[in-house]
Protein chains: 2
Amino acid sequence: MAELTGLQKQYILHWGEMGTRWGINRTVAQIHALLYLSPCALPAEEIAETLSVARSNVSTSIRELETWGIVRAVHVLGDRREHYESMKDVWEMFRLVIEQRKRREIDPTREVLRRCLAELDAKEPGSDYTRERLEAMAGFFEAVTELYDQMKRLPTGTVRKLLRMGTKVRKKAS
Amino acid sequence: MAELTGLQKQYILHWGEMGTRWGINRTVAQIHALLYLSPCALPAEEIAETLSVARSNVSTSIRELETWGIVRAVHVLGDRREHYESMKDVWEMFRLVIEQRKRREIDPTREVLRRCLAELDAKEPGSDYTRERLEAMAGFFEAVTELYDQMKRLPTGTVRKLLRMGTKVRKKAS
DNA sequence: CATTACTTTCAGTACAAACAGAATATACAG
DNA sequence: CTGTATATTCTGTTTGTACTGAAAGTAATG
């Protein structure tokens with residue numbers, strides 16, 4: 001993984017852009033893409049060179065990826081440096097990311113909605129319209145959470161199987 | 001909707017923050033929150049005042065919300081100004097947003113992955129590892145797309161019903 | 001325990017997105 | 001046609017995030 005092929009470059013750059021669109025730092029996403037494509041774990045130094053970013057920037061970004069749980073440090077015999085490798089199971093990676101974004105964004109939103117509704121009862125029992133809207137929104141978030149919980153219970157791979165089943169059934173019916 | 005209650009303020013501010021985390025402009029999200037809570041359509045002027053942002057900023061943001069299809073202009077008799085109102089069906093709103101983000105981000109990513117794999121065949125038939133990784137990622141995106149398409153076929157409300165069913169079944173089983 | 005290899009933290013800088021306000025355009029009323 | 005109300009576009013400024021390079025920190029080696 002010394003030099004990038006044009007193809008790898010293309011993938012890494014695109015992944016970086018996608019990241020930014022979903023509120024993920026470009027460098028973080030690029031590093032992830034690089035590690036994902038790399039057959040072996042890479043030291044920070046090499047990542048910095050390959051992507052032309054500061055060594056320190058790599059350090060911070062790696063740490064973020066580690067908190068997501070999709071990158072980890074491994075040791076290579078005869079080398080004092082940390083080497084970093086990405087998880088390779090795509091489904092599991094996305095599961096991790098989704099789980100954490102849910103915790104950080106969906107759950108707090110549910111909290112706010114609940115608190116709003118409670119306050120509404122206490123202080124402004126009259127404002128029916130606001131209540132109606134907040135309840136609709138709260139219902140949505142509860143449902144999404146429910147959906148998520150049900151998915152989580154399914155063992156790995158089941159989603160994929162269900163998907164295949166669904167496709168077949170629909171094809172038969174048509 | 002002249003003055004905001006503390007509660008409405010809370011919701012609007014939170015919604016703004018959530019927006020930024022998902023790559024949506026804070027003002028855009030706030031305006032959406034305001035219109036969503038408002039029982040009647042509001043003129044741009046009033047939105048600007050209520051949220052303390054520049055009139056021009058409202059203009060741009062509204063336009064973005066219009067392109068998403070979740071806000072539209074309506075006319076009020078005896079008033080030359082445009083009044084804006086938000087869609088109220090939460091499920092439909094999210095459906096619209098998801099559909100468009102898929103178009104703008106998921107689909108292009110699938111494109112890139114396909115192109116990469118094609119190029120890989122043409123130019124570098126040897127690089128097995130890269131191919132393996134790209135194929136795994138491509139497979140994931142295809143599956144997500146498939147899942148999305150299947151969901152889309154379901155008539156409105158079915159997701160909600162399925163959800164309730166799922167809950168019941170699981171409760172019985174336990 | 002001093003030196004070297006490596007990593008993280010910190011402080012300032014650069015950059016891109018968001019924004020305000022002015023300028024311009026459009027549409028309506030008299 | 002003129003003046004007024006409203007909407008949009010444009011330009012410069014602000015703001016916040018990402019980033020760099022230097023400094024400090026940590027740990028292994030001889």
Side-chain angles (χ1 to χ4, degrees), chain A residues 12-13 15-35 40-68 71-85 101 104-105, chain B residues 12-13 15-35 40-68 71-85 101 104-105:
Chain A
I12 290 168
L13 290 174
W15 205 240
E17 292 314 308
M18 283 309 103
T20 59
R21 299 228 194 183
W22 290 83
I24 288 161
N25 178 290
R26 175 179 286 115
T27 307
V28 171
Q30 286 183 351
I31 292 179
H32 173 256
L34 173 61
L35 293 178
C40 54
L42 301 177
E45 177 70 26
E46 191 173 338
I47 298 174
E49 276 171 21
T50 311
L51 299 177
S52 311
V53 295
R55 175 67 185 75
S56 56
N57 196 2
V58 173
S59 184
T60 328
S61 302
I62 288 280
R63 203 120 81 80
E64 169 130 17
L65 287 166
E66 282 178 330
T67 71
W68 287 104
V71 159
R72 59 171 190 168
V74 295
H75 289 277
V76 172
L77 282 179
D79 196 332
R80 280 168 54 185
R81 299 172 300 175
E82 304 262 20
H83 287 59
Y84 301 96
E85 71 177 13
R101 294 205 75 156
R104 297 181 202 180
E105 287 128 28
Chain B
I12 290 168
L13 290 174
W15 205 240
E17 292 314 308
M18 283 309 101
T20 59
R21 299 229 192 181
W22 290 83
I24 287 160
N25 180 288
R26 174 179 286 116
T27 307
V28 171
Q30 285 183 351
I31 292 178
H32 173 256
L34 173 62
L35 293 178
C40 56
L42 301 177
E45 177 70 25
E46 192 174 337
I47 298 173
E49 276 171 21
T50 310
L51 299 178
S52 310
V53 294
R55 176 68 186 72
S56 57
N57 196 1
V58 173
S59 186
T60 329
S61 302
I62 289 279
R63 203 120 79 78
E64 169 131 16
L65 287 166
E66 282 178 330
T67 70
W68 287 102
V71 160
R72 59 172 190 166
V74 296
H75 289 276
V76 171
L77 282 180
D79 196 331
R80 280 166 55 185
R81 297 172 300 175
E82 304 261 20
H83 289 59
Y84 300 96
E85 69 177 15
R101 295 205 75 156
R104 297 181 201 179
E105 287 129 29

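Reminder, nothing fancy here: chain letters follow the sequence lines and each chain counts from 1. Scope of the values below: all heavy atoms of this structure, side chains included, with no hydrogens, waters or symmetry mates. Treat the numbers as computed from the prediction; the structure is a model and nothing was measured.
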Answer yes or no: is there an ion pair linking A/E66 with A/R72, defined by an N-O contact shorter than 4.0 Å? no
Is any side-chain heavy atom of A/S59 closer than 4.5 Å to a side-chain heavy atom of A/R63? no
Find the distance between CG (A/L35) and CD1 (A/I47) and round it off to the nearest 0.5 Å. 4.5 Å
In the 5' to 3' direction, the nucleotides of DNA chain D bounding the stretch that comes under 4.0 Å of a heavy atom in chain B are D/dA5 to D/dT9
Kindly determine whether A/H75 and A/E82 satisfy side chain to side chain contact (heavy atoms under 4.5 Å, CB included), including the steps that lead there. CA-CA 6 Å; A/H75 289 277; A/E82 304 262 20; 3.5 Å; yes
Give, for atom CG of B/N57 and atom CG of B/N25, the distance between the pair rounded to the nearest 0.5 Å. 7.0 Å
Rounded to whole Å, please give me the gap between CD in A/E66 and C1' in C/dT8. 12 Å
Residues A/R81 and A/E45: closest non-hydrogen pair is NH1-CB, 4.4 Å
Output the rounded distance in Å from CZ (B/R63) to P (C/dA25). 16 Å
For C/dT9, take OP1 and OP2 only and decide whether either is under 4.0 Å from a side-chain N or O of A/T60. no
Do you know which two heavy atoms are closest between B/H32 and B/W15, and how far apart they sit? ND1-NE1, 3.1 Å
With a cut-off of less than 4.0 Å, is there a side-chain N or O of A/N57 near OP1 or OP2 of C/dT8? no
Can you check the A/R21 CZ to C/dA17 C1' distance for me, whole Å? 14 Å
Is A/S52 touching bases, backbone alone, or none of the nucleic acid, heavy atoms closer than 4.0 Å? sugar-phosphate
Check nucleotides 3-7 of chain C for protein N or O atoms closer than 3.5 Å to its own N or O atoms and list the pairs.
residue: C/dT7; atom: OP1; partner: A/E82; partner atom: N; Å: 2.9
residue: C/dT7; atom: OP2; partner: A/R55; partner atom: NH2; Å: 2.8
residue: C/dT7; atom: O5'; partner: A/R55; partner atom: NH2; Å: 3.3

Looking only at heavy atoms, what is the nearest atom pair of A/A29 and A/G19, with distance? CB-CA, 4.2 Å
Got A/E46 and A/L34 here, is their nearest side-chain heavy-atom distance under 4.5 Å? no
Is there a side-chain contact between B/T27 and B/E64, using heavy atoms and a 4.5 Å cut-off? no
Five-pair end axes of the helix from C/dC1-D/dG30 to C/dG30-D/dC1 and the angle they enclose, rounded to 10°: 10°
When A/S56 and A/R26 are each assigned the nearest nucleotide of DNA chain C, the 5'-most assignment goes to A/S56
